[in-house]
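Keep in mind that this is a model prediction, so the values were computed, not measured.
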Amino acid sequence: MLYIGVDLGTSSVKLLLMDEKGTIRNIVTKEYPISFPKPGWSEQNPADWFSSLMEGLKELVGDGEKKEVGGISFSGQMHGMVILDEEDRVIRPAILWNDGRTKEECDYLNETIGREKISSYTGNMALTGFTAPKLLWVKKHEPDNFRKIRKVMLPKDYIAYCLSGVHSTDVSDASGMLLFNVKEKCWSKEMLELAGLKEEQMAKVYESYEVTGTLRADIAKELGFPPECKVIAGGGDQAVAAVGTGTVGSGMCNVSLGTSGVVFVASKEYSEIKDNALHVFAHADGRYHFMGVMLSAAASNKWWMDEVLKTREYAKEQQAIVELGKNNVYFLPYLMGERTPHNDPDARGTFVGMTMDTTREDMTQAVLEGVAFALKDSFEIIKDTGLSIKRIRINGGGAKSPLWCRIIANVLNVKVDKINSEEGPAFGAAILAAVGCKEFASVEEAAAKLIQVTETTEPEEEIVNLYEKKYNVFKEIYPALEPVYKRMAEEN
């Protein structure tokens, strides 16, 4: 049997074809536009997602393979709002995860209703990216559209509906809507009431590996796939990416060193996090996960190299950095503000500690170390839950740097593993499809059989101790500068 993983991203959809042994047969990517109607707004036409998906599916699977396709599953950009009318037509363009128009709605939920109360309903506080504030915005600014709503859907669930005719979602993606009781894995009646919605307007909730339906007859015929081809729920992009790196079970941790940085920890149990310092979501493996997010991880290094040093020779710039733990220059990687743990859009990138003998290499090293220290901020909060983490898996563009992996191993004091696949969300979605089709008994079994560690970077005791002292200085810098950042924002 063959299995298809679909990763519906912000700028493109990536499709991956996998066989039952985990061998990747083909990968196809199709791009689509994104619109910015006003400053801070971000929207897409869901029809573009589906047309790109269908075009990609036709390219992905060869004629001789089409009858072997057993199942399709999904990874999707989270938090986006797709609303359908009584004829299942899209009412307005989707409002995306990176849309920032809902500050007033978030203030209403966190301050007027109260962050503690919202957290008791959902496990999380309101953020501008989440779906519930978007619905409140539509209710206030587009009341005619709000009255037409028959179904509220997430991006990946809309394309799954187009394939199967079933209104479904999964626990991991639903966790990011602020309409879902994460602990109990059901819609929050209190939050639906606050949003002015009824439960019948929400999709049916499944575990990420569960079958939600089969292909519509006309879709199966157009694609040449078997009509019994199963559609499996899938999950939010970070949860499914974690499946693709084998970060499942309990205590497994993955660090994604992409444009943004994510510290993701799988947990068997649900746990409240003090001050909502981390996201607490249901995981695609049937359990839960904690997630800390920094907004400028590899993006910080890209900015430093491309915009300041004016070079694309990333590896060459790192060659002269040989001594770790003794750099006296610090960098706060808050180029786009910061989420975890500060939740401060006004924070800014800052160098501290330069002297007359500071070199280009010192500042390059400070950027790499600053990102590692910011990841440690999330890591320390996760450790406070009682989870003991001795090793992590690392992926993303920044993970290609051996020096950066070594810095992270010593800053976090963990073993850093690289694995045999770099496909993340699309591969994870294909694994979920295989589990849904009973190729494997569980997500954990599939991950154990299909994903192997290929390289490990060990922490070095002496450097670990040096970095612990440096981190203690690093974490004092933001509180000292917070009022300065605020004043700068007011003046701008």
Side-chain angles (χ1 to χ4, degrees), residues 242 245-258 260-267 271 273-274 277-278 289-294 297-298 300-301 318 321-333 338 340-342 352-353 362 364-396 398-419 453-478:
T245 62
T247 310
V248 296
S250 184
M252 290 286 289
C253 177
N254 186 73
V255 170
S256 176
L257 202 57
S260 59
V262 177
V263 178
F264 184 109
V265 178
S267 173
S271 179
I273 302 294
K274 184 181 178 182
L278 300 172
H289 71 82
F290 308 115
M291 187 167 67
V293 180
M294 61 173 296
S300 291
N301 191 46
Q318 295 178 15
I321 301 171
V322 293
E323 193 168 41
L324 301 187
K326 297 181 180 180
N327 187 19
N328 290 319
V329 181
Y330 294 83
F331 176 68
L332 275 60
E338 190 56 297
T340 307
H342 306 308
V352 176
D362 291 336
T364 298
Q365 183 173 346
V367 171
L368 303 179
E369 291 172 340
V371 171
F373 289 144
L375 291 170
K376 185 175 174 68
D377 282 339
S378 290
F379 204 71
E380 291 300 301
I381 299 168
I382 290 166
K383 284 167 64 176
D384 287 343
T385 67
L387 287 171
S388 177
I389 301 167
K390 301 298 183 185
R391 65 194 313 145
I392 65 171
R393 292 183 175 181
I394 193 165
N395 67 318
K400 295 176 182 177
S401 164
L403 173 65
W404 216 348
C405 290
R406 186 180 171 212
I407 289 171
I408 288 171
N410 284 291
V411 168
L412 301 185
N413 191 20
V414 293
K415 296 178 181 181
V416 174
D417 295 328
K418 290 186 179 181
I419 59 171
V453 173
T454 58
E455 183 181 343
T456 299
T457 303
E458 303 262 358
E460 303 149 80
E461 185 177 358
E462 181 181 349
I463 299 174
V464 167
N465 293 333
L466 291 171
Y467 270 137
E468 186 64 27
K469 295 175 183 176
K470 295 293 181 185
Y471 175 68
N472 287 333
V473 175
F474 172 87
K475 65 184 182 181
E476 291 183 18
I477 300 173
Y478 169 79

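- For the pair Tyr467/Ile407, a side-chain contact is recorded, criterion being any heavy-atom separation below 4.5 Å from C-beta on.
- Distance check, rounded to the nearest 0.5 Å: NZ of Lys390 to CD1 of Ile392 gives 14.0 Å.
- Side-chain contact between Ile394 and Trp404 is absent, with no heavy atoms from C-beta onward closer than 4.5 Å.
- Of all the heavy atoms in Gly370 and Pro333, the pair that sits closest is O-CG, 3.6 Å.
- Under a 3.5 Å cut-off, the side chain of Gln365 and the backbone N or O of Glu323 do form a donor-acceptor pair.
- Taking CZ from Arg391 and CD from Glu458, the interatomic distance works out to 7.0 Å, rounded to the nearest 0.5 Å.
- Taking each heavy atom of Ser401 and Gln318 in turn, the nearest pair found is OG-OE1, 2.7 Å.
- Between Val322 and Arg406, the shortest heavy-atom distance links the atoms O-NH1, 4.1 Å.
- Considering every non-hydrogen atom in both Pro459 and Val464, the closest pair reads CB-CG2, 3.8 Å.
- In this structure, the side chain of Asn301 does not engage the main chain of Ala297 through any donor-acceptor pair within 3.5 Å.
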Verdict with reasoning, Val371 to Leu257, per side-chain contact (heavy atoms from CB on, under 4.5 Å): CA-CA 9 Å; Val371 171; Leu257 202 57; 4.0 Å; yes
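- Heavy-atom contacts from other residues, nucleotides or ligands closer than 6.0 Å to CD of Glu462 number 12 or fewer.
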After noting the C-alpha distance and the side-chain angles of Val263 and Asp377, does the key distance pass the side-chain contact (heavy atoms from CB on, under 4.5 Å) rule? CA-CA 10 Å; Val263 178; Asp377 282 339; over 6 Å; no
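- Counting only heavy atoms from C-beta outward, the side chains of Met294 and Glu338 approach each other to under 4.5 Å.
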Might you work through the side-chain contact (heavy atoms from CB on, under 4.5 Å) test for Glu380 and Asp384, ending with a clear yes or no? CA-CA 6 Å; Glu380 291 300 301; Asp384 287 343; 5.5 Å; no
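- Without hydrogens or angle criteria, Lys470 side chain to Asn327 main chain gives a donor-acceptor distance under 3.5 Å.
- With Asn395 as the partner, the side-chain hydrogen bond (donor to acceptor under 3.5 Å, both in side chains) test is satisfied by one option alone out of Thr245, Thr247, Asn254: Asn254.
- Annotation for Ala298 and Gly398: closest pair CB-N, 4.4 Å, computed over non-hydrogen atoms.
- Annotation: side chain of Cys405 is in contact with side chain of Lys418 (closest heavy-atom distance under 4.5 Å).
- In this structure, Leu387 and Phe290 have side chains that are in contact, with non-hydrogen atoms separated by less than 4.5 Å.
- The minimum heavy-atom distance linking Leu375 with Val262 is given by the pair CD2-N, 4.5 Å.
- At a threshold of 4.5 Å between non-hydrogen side-chain atoms, the residues Val411 and Glu369 do not count as touching.
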Using the side-chain contact (heavy atoms from CB on, under 4.5 Å) rule, take Lys376 and Phe474 through it: C-alpha gap first, then chi angles, then the decisive distance, then the call. CA-CA 11 Å; Lys376 185 175 174 68; Phe474 172 87; over 6 Å; no
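- Crowding of Lys475 atom NZ: a count of heavy atoms from other residues, nucleotides or ligands under 6.0 Å exceeding 12.
- A heavy-atom distance below 4.5 Å is not found between the side chains of Leu278 and Val265.
- Contact of the Ile389 side chain with the Leu412 side chain is not registered, since no non-hydrogen atoms from C-beta on lie closer than 4.5 Å.
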